[in-house]
> 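Just dropping this structure here.
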2 protein chains.
Amino acid sequence: MAKAKKQPRPKAETPKGFRDYFGEEVTQRTHMLGQIAQVYHHYGFDPLESAAVETVEALGKFLPDVDRPNAGVFAWQEADENDPAGKPGDWMALRYDLTAPLARVYAQHRNDLPNPYRRYAMGPVWRNEKPGPGRYRQFYQCDADTVGTASMAADAEICMMLSDTLETVGIPRGDYLVRVNNRKVLNGVLEAMGLAEADPKRDDVLRTIDKFDKVGETGVRALLGEGRLDASGAYIDGVGLAPEQAEPVLAFLTSKGDTMAETMTNLRAAVGESAVGQEGITELEQIGALLAAAGYGPDQVLIDPSIVRGLGYYTGPVFEAELTFEILDEKGRKRQFGSVAGGGRYDGLVKRFTGQDVPAVGVSIGVDRLLAALRQKGRLAATPVGPVVVTVMDRDRMADYQSMVAELRAAGIRAEVYLGNPKNFGNQLKYADKRHSPVAVIEGGDEKDRGVVQIKDLILGAKIAESATLEEWKERPSQFEVPRSELVAKVADILASQAGDAADSQDL
Amino acid sequence: MAKAKKQPRPKAETPKGFRDYFGEEVTQRTHMLGQIAQVYHHYGFDPLESAAVETVEALGKFLPDVDRPNAGVFAWQEADENDPAGKPGDWMALRYDLTAPLARVYAQHRNDLPNPYRRYAMGPVWRNEKPGPGRYRQFYQCDADTVGTASMAADAEICMMLSDTLETVGIPRGDYLVRVNNRKVLNGVLEAMGLAEADPKRDDVLRTIDKFDKVGETGVRALLGEGRLDASGAYIDGVGLAPEQAEPVLAFLTSKGDTMAETMTNLRAAVGESAVGQEGITELEQIGALLAAAGYGPDQVLIDPSIVRGLGYYTGPVFEAELTFEILDEKGRKRQFGSVAGGGRYDGLVKRFTGQDVPAVGVSIGVDRLLAALRQKGRLAATPVGPVVVTVMDRDRMADYQSMVAELRAAGIRAEVYLGNPKNFGNQLKYADKRHSPVAVIEGGDEKDRGVVQIKDLILGAKIAESATLEEWKERPSQFEVPRSELVAKVADILASQAGDAADSQDL
């Protein structure tokens with residue numbers, strides 16, 4: 001076990017690269033995870049929750065992001081419990097995604113699980129990387145996978161489910177697009193170029209394709225050939241292919257036509273006589289037909305050969321969900337929000353354990369990015385609603401105040417008694433303000449004697465203080481005196497009218 | 001970073017001491033966490049979610065369970081990112097509870113947080129201990145704490161909330177009891193015995209008190225004096241106190257009277273003139289009065305000086321929630337289910353960071369134990385309900401089957417198309433069985449031509465196969481042919497009648 005450094009006082013700091021989430025941030029994520037689970041469940045997927053910890057051996061190295069090949073895991077070596085001297089045992093690590101644990105679980109329980117096995121999983125994953133702005137070392141993923149079927153119906157289903165999920169959490173049609181491509185088509189292109197499977201130039205070509213988004217058709221053409229000057233003026237060496245050998249890649253990257261049929265014709269030409277390439281195109285056609293039959297249009301899920309991210313990792317169809325609206329980045333520049341989910345078909349994961357190929361297809365949603373998108377679009381409630389605060393005017397009558405709170409809670413109203421030092425009443429109202437309390441309840445000795453309570457509408461009070469004219473002030477008082485017996489009814493009344501006002505202002 | 005051993009095939013095994021949770025196990029826990037969060041939220045507590053990782057320094061060693069002093073954490077040393085040679089950096093660890101991270105967060109953000117700060121947190125914690133039956137190295141906790149107030153109203157509130165929570169998740173009154181004691185009273189007892197704060201005999205006395213449950217009054221009396229023979233015949237040395245010096249402890253342990261007033265009188269006698277002891281009793285009285293005023297009876301929350309667990313860790317009132325019904329253990333013996341939650345008042349946690357005492361009180365619910373209890377009592381749905389399975393009779397008409405599924409889902413019905421190899425129809429029905437599917441839908445070429453579908457009630461079918469007479473069989477067929485256009489309506493019909501049957505059989 002580790003020994004802490006002896007220091008008089010530890011620093012109170014969130015560890016570098018990690019985050020603390022407060023209040024609404026937690027509630028909103030929990031709510032979204034619930035919505036996503038509901039869609040997944042509806043599609044017949046069953047939940048699976050494995051532990052955060054796996055053996056390093058079982059995890060392997062299957063990180064899908066090719067642009068972060070050095071991304072590591074948090075790992076430690078166990079003490080061997082059979083050895084009293086504490087000889088080191090297995091290396092353990094925190095999971096870096098939810099797919100590697102699925103592969104382990106499936107290999108372990110495959111005889112007991114339904115076949116095919118549809119499962120979903122949600123939870124944090126950990127990456128031991130250098131933290132950066134907006135890049136954390138712990139973040140949530142939300143995966144769904146179908147293991148044990150090669151049917152394209154499984155791939156089509158994942159795309160439909162992804163589309164449904166995005167719409168369910170509040171991204172309307174038109175603000176997102178699920179794009180579908182196929183690794184096999186790319187393999188066919190490489191075959192058509194005469195590059196054998198072991199040819200080292202394949203990797204160079206893949207890396208060049210990855211730059212298509214940035215450098216465009218002309219750039220890729222140059223990079224596949226002699227090379228080019230980049231924006232900074234540096235000369236980038238090319239792959240060194242002859243122009244005609246590079247042709248299939250360019251035909252592939254620019255194959256998107258006005259209709260799916262046209263795109264498919266272009267792709268068939270690009271892969272030429274490659275059997276795997278033709279098979280990949282047939283798969284895309286099958287997915288397209290299933291999507292159309294189920295009523296999913298190209299404004300939801302689109303066959304698009306220009307998406308290339310993830311092509312290196314997956315073995316068949318590849319999906320990526322992008323949000324298509326623009327946001328402002330940290331520097332105030334407009335940019336597209338970009339990818340919030342990705343997935344595809346993969347074969348190798350379970351084979352590592354069992355030696356047998358098991359076809360599988362899945363998708364992973366980046367929950368934190370999706371939440372950030374909804375927040376940016378103003379589609380999450382901005383101001384949280386705090387509890388009703390019963391203030392304490394007389395410290396000896398705490399039981400009275402607690403009774404009020406109990407009555408309010410029994411009526412389904414979130415409420416609490418002020419638990420700090422009651423001496424300074426201003427502090428109590430400051431506290432209520434910090435909690436975003438909608439209502440404060442006040443019962444001093446005088447009120448007690450007269451059998452009444454004061455009820456303060458804090459939302460209205462703040463509004464009046466900000467902008468009301470004297471007439472409005474008189475017309476809509478923000479503080480009411482009611483008989484003690486009408487406490488709950490009056491508070492409920494005020495909360496209802498506040499909810500109505502909030503709905504009105506949202507309609508504007 | 002760790003290097004995995006090079007091995008041709010990793011073992012597919014859940015790491016020792018960890019668990020995989022499937023299907024309903026996950027759903028039921030998620031549901032319970034939601035119920036608990038609802039109660040906590042209702043009481044005015046706000047969620048907080050910190051990362052799983054803290055520095056070892058910040059975590060400190062504050063494990064509440066005195067009987068597991070060697071319980072460790074999972075820890076590793078970071079690489080120092082400023083040093084290209086990868087010099088080791090800080091020690092990091094997985095949190096072992098939710099209180100230590102709260103202390104760090106509160107110390108870090110205390111100027112921005114409301115004061116008092118009511119927060120709740122739910123999530124897994126990790127303990128690097130030897131795993132045993134039913135003892136895992138990752139498990140869920142569900143905490144609520146109020147930081148920054150010394151008011152006994154906070155303690156009383158936690159007890160009420162704990163009682164409400166247990167009733168909300170399905171433990172009825174009478175099946176649980178929240179017991180309250182106070183560390184200060186025990187300190188008073190030690191003072192009354194003439195044991196100063198630094199006296200090493202204090203620890204011996206505490207350890208002896210911990211055995212009261214097992215050895216009873218006579219046993220404790222012997223152990224405080226000369227010692228005694230235990231059940232195995234071994235002689236256990238005593239603390240060596242004179243009989244009259246041991247008297248306050250025994251008075252304390254046996255102080256429970258028929259009424260709270262009687263108990264308090266006994267306690268006041270036990271602590272004699274100890275100021276801290278008298279203060280502790282006054283605190284218990286305050287809690288008792290607040291509970292009574294809010295309508296919580298001694299069948300829900302009880303002042304009980306005989307509970308001693310946790311007294312070593314906490315600094316004031318201590319709570320423990322026990323389930324009072326009996327269950328059968330692994331060996332079929334009856335025993336009480338025991339503790340599912342514990343908490344109390346503590347002062348030292350935040351002081352470690354800031355140097356200042358910050359009064360705090362909290363509770364932690366063991367979610368997995370609570371789920372196990374509900375399962376034992378048969379209060380969680382035993383058989384999960386799977387999706388409606390649309391079988392595949394003709395592989396080329398997958399789009400037709402997917403349309404059926406889409407229609408069913410659109411009507412709010414959990415449904416899926418069979419995605420395995422459709423050749424063997426028996427396998428499809430076996431699959432539906434494994435998924436606990438309520439209904440299977442069948443449309444072969446003949447049905448397609450006639451515009452109908454076959455709908456099989458799998459629950460009724462299983463029942464009939466098991467027990468029906470020929471008359472019942474004829475009267476309630478389990479397979480129906482309906483026009484394709486009535487598919488959704490008929491499936492909905494069958495699901496409704498199954499739900500009705502299930503409710504009826506639960507009433508028996």
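Below, chains carry the letters A, B, ... as their sequence lines are ordered, and counting in each starts from 1.
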> Using the ring centroid of each side chain, check whether B/His109 and B/Tyr117 are separated by less than 6.0 Å.
no

> What residue in B/Gln402, B/Gln138, B/Arg409 has the most heavy-atom pairs under 4.5 Å with chain A?
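Ranked by contacts with chain A, first place is B/Arg409.
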
> Check whether A/Val53 gets within reach of chain B through its side chain, its backbone, both or neither, counting any heavy atom under 4.5 Å.
both

> Tell me which of these, A/Gly123, A/Ala156, A/Gly386, A/Gly355, has more heavy-atom pairs under 4.5 Å with chain B than the rest.
A/Gly355

> At a 4.5 Å cut-off on heavy atoms, which part of A/Asp433 comes close to chain B: side chain, backbone, both, or neither?
neither

> Could A/Arg9 and B/Phe353 be counted as a cation-pi pair, given that NZ or CZ must be under 6.0 Å from the ring centre and within 45° of the axis?
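Relative to the ring axis of B/Phe353, which defines the angle, A/Arg9 lies outside at least one limit.
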
> What part of A/Pro47 gets closer than 4.5 Å to chain B, counting heavy atoms only: side chain, backbone, both or neither?
both

> At a 4.5 Å cut-off on heavy atoms, which part of A/Met404 comes close to chain B: side chain, backbone, both, or neither?
neither

> Does A/Glu78 come within less than 4.0 Å of B/Arg137, counting only side-chain N to carboxylate O?
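Judged by the 4.0 Å cut-off on N to carboxylate O distance, A/Glu78 and B/Arg137 do form a salt bridge.
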
> Does any heavy atom of chain B fall under 4.5 Å from the side chain of A/Ala37, the backbone, both, or neither of them?
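For A/Ala37, no heavy atom lies under 4.5 Å from chain B.
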
> Select one option (side chain, backbone, both, neither) describing which atoms of A/Ala154 are under 4.5 Å from chain B's heavy atoms.
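For A/Ala154, heavy atoms of backbone and side chain both lie under 4.5 Å from chain B.
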
> Just give me the residue among A/Lys430, A/His42, A/Met152 that pairs up with chain B most often, heavy atom to heavy atom, under 4.5 Å.
A/His42

> Only pairs of heavy atoms separated by less than 4.5 Å count here; which of B/Pro101, B/Gly420, B/Gly412 has the most with chain A?
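Top count of heavy-atom pairs under 4.5 Å with chain A: B/Gly412.
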
> What distance separates A/Tyr136 OH from A/Glu129 CD, expressed to the nearest 0.5 Å?
13.5 Å

> Once the angle between the rings of A/Phe18 and A/Phe74 is folded into 0 to 90°, is it parallel (under 30°), tilted (30 to 60°) or perpendicular (over 60°)?
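Ring orientation, 0 to 90° scale: tilted.
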
> With chain A as the partner, which of B/Ser50, B/Pro116, B/Ser403, B/Pro387 has the greatest number of non-hydrogen pairs under 4.5 Å?
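Among B/Ser50, B/Pro116, B/Ser403, B/Pro387, the one with the most close pairs to chain A is B/Pro116.
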
> If you count heavy-atom pairs within less than 4.5 Å of chain B, which of A/Ser437, A/Ala153, A/Ser151, A/Ala121 leads?
A/Ala153

> For A/Tyr418, which atoms come within 4.5 Å of any heavy atom of chain B: side chain, backbone, both, or neither?
side chain

> B/Asp164 and B/Tyr43: side chain to side chain donor-acceptor pair (under 3.5 Å), yes or no, with the steps?
CA-CA 10 Å; B/Asp164 284 10; B/Tyr43 268 78; 2.7 Å; yes

> May I ask you to name which of A/Thr30, A/Asn115, A/Thr27, A/Val405 has the most heavy-atom pairs under 4.5 Å with chain B?
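Most heavy-atom pairs under 4.5 Å with chain B: A/Asn115.
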
> Give me the ring orientation class for A/Phe45 and A/Tyr40: parallel if the planes are under 30° apart, tilted from 30 to 60°, perpendicular past 60°.
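Correct class here is tilted.
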
> Please classify the contact of A/Leu94 with chain B as side chain, backbone, both or neither, using a heavy-atom distance under 4.5 Å.
side chain

> Hey, which of A/Pro114, A/Ala52, A/Ala93 has the most heavy atom pairs under 4.5 Å with chain B?
A/Pro114

> Which bit of A/Glu157 is near chain B, if near means a heavy-atom gap under 4.5 Å: side chain, backbone, both or neither?
both

> Side chain from CB out, backbone as N, CA, C, O: work out which of these in A/Tyr296 comes under 4.5 Å of a heavy atom of chain B, or both, or neither.
neither

> Give a yes or no on whether a salt bridge exists between A/Arg395 and A/Asp400, defined as a side-chain N under 4.0 angstrom from a carboxylate O.
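No, this pair does not count.
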
> Under 6.0 Å from the six-membered ring centre of B/Tyr21 and within 45° of its axis: does the NZ or CZ of B/Arg19 meet both?
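The answer is yes, since B/Arg19 meets both limits relative to B/Tyr21.
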
> For the residue pair A/Trp126 and B/Trp126, does the interplanar ring angle fall in the parallel (under 30°), tilted (30 to 60°) or perpendicular (over 60°) class?
perpendicular

> As an exercise: rank B/Leu408, B/Leu113, B/Val388 by heavy-atom pairs under 4.5 Å with chain A and give me the winner.
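Option with the top pair count is B/Leu113.
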
> Would you say B/Arg119's side chain and A/Phe22's backbone share a donor-acceptor pair under 3.5 angstrom?
no

> Identify which of A/Asn421, A/Leu33, A/Leu291, A/Thr354 forms the greatest number of heavy-atom pairs closer than 4.5 Å to chain B.
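Of the options given, most contacts go to A/Thr354.
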
> At a heavy-atom distance under 4.5 Å, which candidate from B/His41, B/Lys351, B/Glu13, B/Glu25 has the highest pair count against chain A?
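The option with the most such pairs is B/His41.
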
> Tell me which of these, B/Arg118, B/Met160, B/Met398, has more heavy-atom pairs under 4.5 Å with chain A than the rest.
B/Arg118

> Do NZ/NE/NH1/NH2 and the carboxylate oxygens of A/Glu54 and A/Arg104 come within less than 4.0 Å?
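Looking at A/Arg104 together with A/Glu54, the answer is yes, because their closest N to O distance falls below 4.0 Å.
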
> Inspect the contact between A/Asp46 and B/Arg435 and indicate whether a charged nitrogen and a carboxylate oxygen are less than 4.0 angstrom apart.
yes

